[in-house]
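One structure below.
For the single chain, residues carry numbers from 1 onward in sequence order.
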Amino acid sequence: MGAGFLVGVIGVLILSHATYSTIQYRALLKITEEEFSGPPIEVVIELIVSLVLCLWAAMAAPGNFKSIHPQSEENRVVALPANLDFMIFNHRGKIFPLETELKLK
């Protein structure tokens, strides 16, 4: 568990508290028979803070991106797995040329 995950949990807890506060506020308005015009400013601030924390956690928690380029050194197969039943080398991809000769006009 990294810091990003912890920040995400805190953001979700603040979001839950803002939800509960809004429900409680609406119940209070029903008792006093007043019209609901919007949540209190404290709840809006909680929502904004929780949004920022959750967005930061979503960017920080997953980790580093891996390269998707086929020529990348990170994608090289170092050793074949022990179970070769799921490795398929005869597939429809062989109809495509290995190198495309596209030139801009």
Side-chain angles (χ1 to χ4, degrees):
M1 275 198 245
F5 183 76
L6 183 64
V7 169
V9 169
I10 292 171
V12 169
L13 288 175
I14 292 173
L15 180 64
S16 301
H17 182 265
T19 304
Y20 179 74
S21 297
T22 303
I23 293 170
Q24 189 176 16
Y25 178 70
R26 288 194 66 162
L28 178 68
L29 289 179
K30 283 182 184 179
I31 291 172
T32 59
E33 298 178 354
E34 293 180 22
E35 188 75 25
F36 180 75
S37 61
I41 191 70
E42 294 87 10
V43 173
V44 174
I45 292 172
E46 283 184 9
L47 288 172
I48 293 171
V49 168
S50 68
L51 174 72
V52 169
L53 291 178
C54 289
L55 285 176
W56 186 80
M59 297 304 232
N64 296 333
F65 290 111
K66 303 292 183 197
S67 176
I68 61 169
H69 298 294
Q71 288 81 19
S72 174
E73 290 298 323
E74 296 174 1
N75 294 337
R76 299 285 181 220
V77 176
V78 178
L80 293 175
N83 187 0
L84 297 176
D85 291 341
F86 295 106
M87 296 197 67
I88 299 172
F89 295 106
N90 188 17
H91 53 80
R92 290 180 281 179
K94 64 184 175 184
I95 64 170
F96 297 114
L98 293 177
E99 292 187 23
T100 57
E101 299 289 332
L102 297 176
K103 300 206 181 202
L104 296 175
K105 293 181 180 180

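For the residue pair A60 and G4, the shortest heavy atom distance occurs at CB-CA, 4.2 Å. Minimum interatomic distance between G11 and C54 (heavy atoms only, all atoms of both residues): C-SG, 3.7 Å.
Through direct or relayed side-chain contacts under 4.5 Å between Ile, Leu, Val, Met, Phe, Trp and Tyr, L55 connects to L51. Applying the under-4.5 Å side-chain rule to Ile, Leu, Val, Met, Phe, Trp and Tyr, the cluster around L47 extends to L15, V43.
A side-chain hydrogen bond (donor to acceptor under 3.5 Å, both in side chains) check over residues 12-35, counting only residues at least two apart or in different chains, returns the pairs H17-E46.
Taking the side-chain contact (heavy atoms from CB on, under 4.5 Å) definition, one finds that I10 meets it with L6, I14, L53, sequence neighbours left out.
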